[in-house]
Amino acid sequence: MKKIVVIYAVSLLAVACGAPKVVAMQPNDPVVPQMPSPPKETNTAMIAQGKGLFEDNCAKCHKLFKPTDFNQREWGPILTSMQRKAELDNDQMDLVRDYVFSSATP
Ligand code: HEC
């Protein structure tokens, strides 16, 4: 008879300890808004990379222009002709364009 009482007491304890754990597992909600952030981070990193390329390669022959000096429509052909002068490959130029277009108006 004593054994049954002990088992009953132990299982009561287990239930008592188990219940708060289940509740504690629930507040995971703050994780959810962080889900879409990876693409954003990639974008920011790419713009930072483009800025670096721009600053390193685009002030060799003249002053460093600002992305806001021209709008995106004007920058298009300028970047095409400056790519040849700066000897940047297409991937590098895409990063420069991302950076310039991130500040220039359409
Ligand atoms: C080898 C020298 C050289 C390099 C490197 C160079 N440029 Fe130029 N850039 C020029 C010359 C020369 C001009 C003026 C004549 C022309 O437009 O070709 C010019 C003009 C410009 C202008 C003014 C265009 C206008 O219509 O007033 C901008 C903006 C410009 N460059 C941006 C850049 C950017 C961005 C880069 C880097 C990707 C770059 N340049 C790299 C030589 C260079």
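Count residues from 1 along the sequence. One-based numbering, in listed order, for ligands and for the atoms of each.
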For atom 8 (Fe) of ligand 1, every protein N/O/S atom that sits closer than 2.8 Å, waters excluded: H62 NE2, M82 SD

CG on L53 to CE on M46, rounded to 0.5 Å: 11.5 Å

Quiz question: by atom type and distance under 3.5 Å, do the side chains of D98 and Q49 form a donor-acceptor pair? no

Who's closest to atom 5 (C) of ligand 1 heavy-atom-wise, of L64, D56, N57, D69? N57

Which residue from Y99, F70, F54 reaches closest to atom 29 (C) of ligand 1 through any of its heavy atoms? F70

side-chain contact (heavy atoms from CB on, under 4.5 Å) partners of D56, counting only residues at least two apart: none

Hey, does the side chain of S103 reach the backbone of V100 with a donor-acceptor pair shorter than 3.5 angstrom? no

Which pair of heavy atoms, one from Q83 and one from L88, lies closest together, and at what distance? NE2-O, 3.1 Å

Would you say atom 15 (C) of ligand 1 makes contact with the protein, given that contact here means a non-hydrogen protein atom less than 4.0 Å away? no

Near W75, which atoms of ligand 1 are under 4.0 Å from a heavy atom of that residue? 29 (C), 35 (C)

Minimum heavy-atom distance E87-Q92, with the two atoms named: O-OE1, 4.5 Å

I need the K63 NZ to C58 SG distance, nearest 0.5 Å. 12.5 Å

Give the ring-plane orientation class for F54 versus W75, where under 30° counts as parallel, over 60° as perpendicular and anything between as tilted. perpendicular

